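Proteins get letters first, then strands, A, B, ... in listed order; numbering begins at 1 in each. Keep in mind it's a predicted model, so treat the numbers as computed, not measured.
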Amino acid sequence: MPNMNMLQAINQALDIAMAEDDKVLCFGEDVGSFGGVFRATSHLQEKYGHARCFNTPIVEQGIVGFANGLASQGSVPVAEIQFADYIFPAFDQLVNETAKFRYRSGDLFNVGGLTLRAPYGGGIAGGHYHSQSPEAYFAHTPGLKIVIPRNPYEAKGLLLASIRDPDPVLFFEPKRLYRASTGEVPEEDYQLPLGEAAVTREGSDVTLVGWGAQMEVIERAVELAEKDGISCEVIDLRTILPWDEDTIVDSVLKTGRLVVTHEAPRTGGFAGEIAATVQERCFLYLESPVMRVTGLDTPFPQTLEKEYLPDHLKIHEAIRASVNF
Amino acid sequence: MPNMNMLQAINQALDIAMAEDDKVLCFGEDVGSFGGVFRATSHLQEKYGHARCFNTPIVEQGIVGFANGLASQGSVPVAEIQFADYIFPAFDQLVNETAKFRYRSGDLFNVGGLTLRAPYGGGIAGGHYHSQSPEAYFAHTPGLKIVIPRNPYEAKGLLLASIRDPDPVLFFEPKRLYRASTGEVPEEDYQLPLGEAAVTREGSDVTLVGWGAQMEVIERAVELAEKDGISCEVIDLRTILPWDEDTIVDSVLKTGRLVVTHEAPRTGGFAGEIAATVQERCFLYLESPVMRVTGLDTPFPQTLEKEYLPDHLKIHEAIRASVNF
Amino acid sequence: MTTRPDSTTPPAPMSGTPEFLAGDEYQIPTWCVLGEDGRPLEGAQAPDIERDKARRIYEAMLATRVMDERMMAAQRQGRLSFYMQCTGEEAAVVGATAALDDADMIMAQYREQGALVYRGFSFDEFMNQMFGNELDYGKGRQMPVHYGSRKLHYMTISSPLGTQIPQATGYAYGQKLAGNGLCTLVFFGEGAASEGDFHAALNMAAVHEAPVIFFCRNNGYAISTPTVEQFAADGVAPRALGYRMHVIRIDGNDILAVYRATEEARRIAVEHNKPVLIEAMTYRLAAHSSSDDPSGYRSRKEEEAWREKDPILRMKRWLIERDWWSDDEENTRQDELRREVLETMKRAEKRPPSDLGTLVSDVYADVTPALQRQLDALTAHVRRYPDAYPRGASSLDPDVKNSADVTTDQGGA
Amino acid sequence: MTTRPDSTTPPAPMSGTPEFLAGDEYQIPTWCVLGEDGRPLEGAQAPDIERDKARRIYEAMLATRVMDERMMAAQRQGRLSFYMQCTGEEAAVVGATAALDDADMIMAQYREQGALVYRGFSFDEFMNQMFGNELDYGKGRQMPVHYGSRKLHYMTISSPLGTQIPQATGYAYGQKLAGNGLCTLVFFGEGAASEGDFHAALNMAAVHEAPVIFFCRNNGYAISTPTVEQFAADGVAPRALGYRMHVIRIDGNDILAVYRATEEARRIAVEHNKPVLIEAMTYRLAAHSSSDDPSGYRSRKEEEAWREKDPILRMKRWLIERDWWSDDEENTRQDELRREVLETMKRAEKRPPSDLGTLVSDVYADVTPALQRQLDALTAHVRRYPDAYPRGASSLDPDVKNSADVTTDQGGA
Ligand SMILES: Cc1ncc(C[n+]2csc(CCOP(=O)(O)OP(=O)(O)O)c2C)c(N)n1
Ligand SMILES: Cc1ncc(C[n+]2csc(CCOP(=O)(O)OP(=O)(O)O)c2C)c(N)n1
Ligand SMILES: [Mg+2]
Ligand SMILES: [Mg+2]
């Protein structure tokens, strides 16, 4: 099995999807001959032509509006937003249109073919506008699916599943892993299921839940905790919406403790939803409060990024606090 | 003290603010000579002139972008979005710009003068696009303040405080109360504090938290519960961001139980944040899980609106479930 | 490697004093065929419309007018929660639709029921939507007038203004790739043209050569806001110059001009994959909606002047002139239409709403486990309090009303 | 009651065949004053610039160029995380700034450091921002090149494209109400002009008569995207016709044309409260940013052709022609500037970052209780692991490193 990084895995998924179905189109800012500013769409225009892979003008609301129309017509658009921080001009098209298309028409029309890819997250000294993790903004929006991979293998399988899923999917790619995360990835076509969390490590004392680039950070924290003799169960949520409550609830019923982490600010972040649900469904089994290790309630900073981020040390402290409550 | 409805109270607050400070401007779609589709800005153009009260073209991103610029210049814009459902085209200006203006400039510039008013919420047979409660979308955005009044008295005092507050404020007005909610409102200028919840009823068995039009619904539920012999403490959160954790935590430390309600969908709604925080801060005092009574995880419906809404019967059931856990 | 055309060759320079264009160098005239007396203007190129087609168009305009009048009356009687009239704009809407292939996609704003009437949406279908009953294709989820029809290629209406414009560009681009020779026509008001989505849509359509017709109904008002407060320019048409897009301004109350211009726009779109902008000058004769009262922002006199230009009257004169229609036929047809509207309304009113399950279906292609839990909790709750939820309860089995199977889980319900 | 101008008078109609404009009826020429040889073109109206002002302009262009070269080199050496050059566009940026009143507001995109240099932002001030140290006005919160200066009336840069354009309209409207005779100039690229915010800004400025100058730097590319994939039209200038706005297209590498056109635009804006659009045709000689390599999307040949048109070279020829500058002076000044840049860079690099408290200040006017709790928890955490957070730890009292006062509350930290 070849070893590749996350960008290569994503590029391969797009290539497979476009080769298989000529309804699949890839477009966005600088996505055409240049192959995207991160090169996720390299060579696709060469292979599949200008009509199916192209640059758009700089107008995110237009990119998503155009993609909504294409999807409602029966095409399978895979649009790119250059950075997740620039998805907000398209918020109306996503929240009022994409999410409600099928529902409002009574299933006469739908935009299920739509996949929107966007690099997200911090750790690259990108400041306010090249670091945000906007998943929670969309998690309050029934009708959307939100998927986030943690490594190249997951990225390829989840992206192929997202493109073929009958519902619109926001696919957020942890950009600090683009080149940093490498691993074995099968050359062939495969899919990983949406809506299912993955238990990546079994343990008995405390459950850790995260997604995307935080999974690496959790692993480092867990190594520290295991040295303290704490047995950790680790879960990658993978799909933020609709999320896999049962896998997490089952784990917490076993461990009695939960730590959730994400980079986005704490208030209104998705860890809050998980904590609220878990305290409701596991009330009598919880040995300590659900703990959240998150970004601060501030815009994303630049020089003090390290201090802002929910790193392995902060998670390790939370694990200890959870176990010693 | 004169009796008036919520629209009159809001109109009076705007009038007082404009009379006092000629930097205050009111604008938005149909806000000018017509006085807004709900007539909240009636007579302001007549009194203060076209330059200070005017119609804008239909472009919400422009209304907020323009308001950001005005506020950064030192003016005090009070812009209206005709329905909160139409705030999403302005999401980027609000989340990436308004919220981060002071922070990113190191306080060289700020848009603290900005107040954005928008009617929100259901109960008027408005379907998907005249019913939404978008507060949780903004509650994940440090730098914004979010204020929601429950009656005419509160509306006037909170709106005046919002206009004069040094930070940008989103002021959501429960439109089904515009004419339905009436009460005594002093003619003169007064302010109610932002960031402080109000205990509107004291009790000992269970705490109820809500805001806006849900406060009326909670009252009806509480009347039913008190007949069952359950003593309820009721809190109007009033400011959603930054929210008054302490008042709620103090109440739950006393009652040991909490029910939170809002109209917006459950997943990612602000009740989740409150539940997450309360289970963390009151863990050893909770007698039953924090319960959420909310809208369904669907777009806002039309003919089955009654079934969708978190009404007094659903809240009453939740109170019973909380007490009998 | 695509490079900038002006990257190696310098722009042709001009010297002298700096000359600013003032923005109104180019006046865009209004194209017109039919005089107000129903006679074609001197030298005007009338479209080639046969008797049957002309009658189909006229009857659609008439049916739209009659339905609008009746439904507004029904709204006033409290039978309907909300309504919006096409009144005064029937020629623009029906004329444009008639010039299309019936399989072309139409994406409308909300005031274009005439297009559906023309394509054969039945009064029953209209009424089912307006009363949100179990037969409504939209399952009672949207406000009245938010129609949609897959079989008639009419996209379901969405309230947020302007969102359908870039969607139309995308839809048309898909049609081009599909190579089916079809195009998309998108209707919008001159107010909606202020949205950012408008700029996105026209620019992308020009760059990506999508076969889309942007049809702007400039009816003078956006709710209470007159066009002078919507834009400083001479209407919406001059914006096309900024996108290098074909454009024409027409008298929107002139059925022949609308038909002919749209027919030609369609040819440009489909044969050359070029977008076209049409600005139809018309007037919203009725209130914005049933919630609006225009006397607060415009004069009776102004309304009267436009009532003189009624597009239905103008077309009737033309038809009568050619002996394709008569006053007798008009009276009979109007009576029939009124009767039909009333009958279908009565039928639709009586039908029950969609069942409780439609609250959670179609959010996703499949109902998620969490939504199923929310529905189960809600079902139990409605069974416990059937009187409080007559609509939801009526869709449940009546004999389970007093079932003990009640959960207290409030999961979102 | 404001009514529609065309509401009672019918539009002047045109008959005949339907004539579509094709979108390029109106060609907008490029206004130019200075030839590439540094001599004014025949008949061109040169602006009235005195020696001192001309030298101030030139020195600002030169300083910008030198700083850009040095900082890009520093980025390549790994001393700086990110950089963006103004190279090739100095005449457009500095020329426009020089034609303003120094108290006019400038809202820039990110490539306009020349404007700040002209107004007197010192190298120290630039360096403090780029290295995000304790003296940075922005408290180290933004990426390099996101400058701002209240005293120099230069709005702090924000990365999201286009957002500053409607903000400029609002700012200018506020200036009009304040009656201070000032205006706002907003810079943006031809790529950013595709955003919906552009449409919003120009339309609102025209309707509400704001004294704002929309200054588009059409430099041929938006990262890798050439203008032919950004718009189908002949540049951005023709869009003004859609807003009835004054507009001029100028040679952006011609300092005299830029200066004169901006001066005149300012007059129109301030005297008549009318917005103006200026499109400056120029070229981004350098890469988009330090993260970009343009060889992937454009040819060396094209770049060389534009290097010939270097605006600094052209202005230098003009100055030397008038004896206002010399090659000797040039060499001396360049050496000085290089030295200054290096010295200030060294100073700035060594300074510590802002203290930990700046993570939570300025989110609101006052730090909220919740943010104070988050900061307290973070402070305790950083004290426990000072080696892991050298920046944060350095701002805390060193002797509390081993303090026992450590909380385990992870409140957001
Ligand atoms: C994004 C958005 N903003 C505001 C509204 C509220 N609104 C509904 S119709 C309307 C006026 C539209 O005017 P125009 O586009 O000219 O269409 P007309 O009603 O004249 O046919 C407004 C402001 C909306 N539906 N969507
Ligand atoms: C809303 C938004 N979308 C995308 C980007 C990413 N981006 C940064 S610069 C740029 C190109 C801008 O081109 P142009 O406006 O022509 O300015 P230039 O760089 O040529 O000066 C893009 C796409 C962004 N910063 N903001
Ligand atoms: Mg209109
Ligand atoms: Mg550019």
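For the pair Arg239(C) and Phe214(C), the cation-pi criterion (under 6.0 Å, within 45° of the ring axis) is not fulfilled.
With a 4.5 angstrom heavy-atom cutoff, Ile223(C) touches chain B via backbone and side-chain atoms both. Looking at Val363(C), the atoms closer than 4.5 Å to chain B (heavy atoms on both sides) all sit in the side chain, from C-beta outward. Of the two parts of Val259(B), neither the backbone nor the side chain holds a non-hydrogen atom closer than 4.5 Å to a non-hydrogen atom of chain C. For Glu60(B), the parts sitting under 4.5 Å from any heavy atom of chain C are the backbone and the side chain alike. Using a 4.5 Å cut-off between heavy atoms, Thr358(C) touches chain B through its side chain atoms alone. If you measure heavy-atom distances from Asn133(C) to chain B, you find no contacts under 4.5 Å at all. For Ser81(C), the part sitting under 4.5 Å from any heavy atom of chain B is the side chain, from C-beta outward, and nothing else. When heavy atoms are compared at a cutoff of 4.5 Å, Asp85(B) does not approach chain C at all. Both the backbone and the side chain of Leu359(C) come within less than 4.5 Å of a heavy atom of chain B. Heavy atoms of Phe131(C) lying under 4.5 Å from chain B belong exclusively to its backbone. For a residue to count as touching a neighbouring chain, one of its non-hydrogen atoms must lie under 4.5 Å from one of that chain's; by this rule Glu263(B) does not touch chain C. For a residue to count as touching a neighbouring chain, one of its non-hydrogen atoms must lie under 4.5 Å from one of that chain's; by this rule Asn324(B) does not touch chain C.
The aromatic rings of His199(C) and Tyr243(C) lie tilted to each other, with the angle between the two planes from 30° to 60°. Using cut-offs of 30° and 60° for the angle between ring planes, the Tyr86(B) and Phe83(B) rings count as perpendicular.
A ring-centre distance under 6.0 Å is not found for Phe300(B) and His130(B).
Looking at Glu190(C) and Thr227(C), their side chains never bring a donor and an acceptor atom within 3.5 Å of each other. Gln230(C) and Ser194(C) share a side-chain donor-acceptor pair at under 3.5 Å.
Per-residue counts of heavy-atom pairs under 4.5 Å with chain C were compared for Pro265(B), Gly127(B), Pro57(B); the largest is that of Pro57(B).
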Check your understanding: salt bridge (Lys or Arg N to Asp or Glu O under 4.0 Å) between Arg300(C) and Glu303(C): does it pass, once the steps are laid out?
Key -> CA-CA 5 Å; Arg300(C) 282 259 159 244; Glu303(C) 288 181 6; 3.2 Å; yes
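Residues Phe215(C) and Glu112(C) form no side-chain contact, since every pair of their non-hydrogen atoms from C-beta on lies 4.5 Å or further apart.
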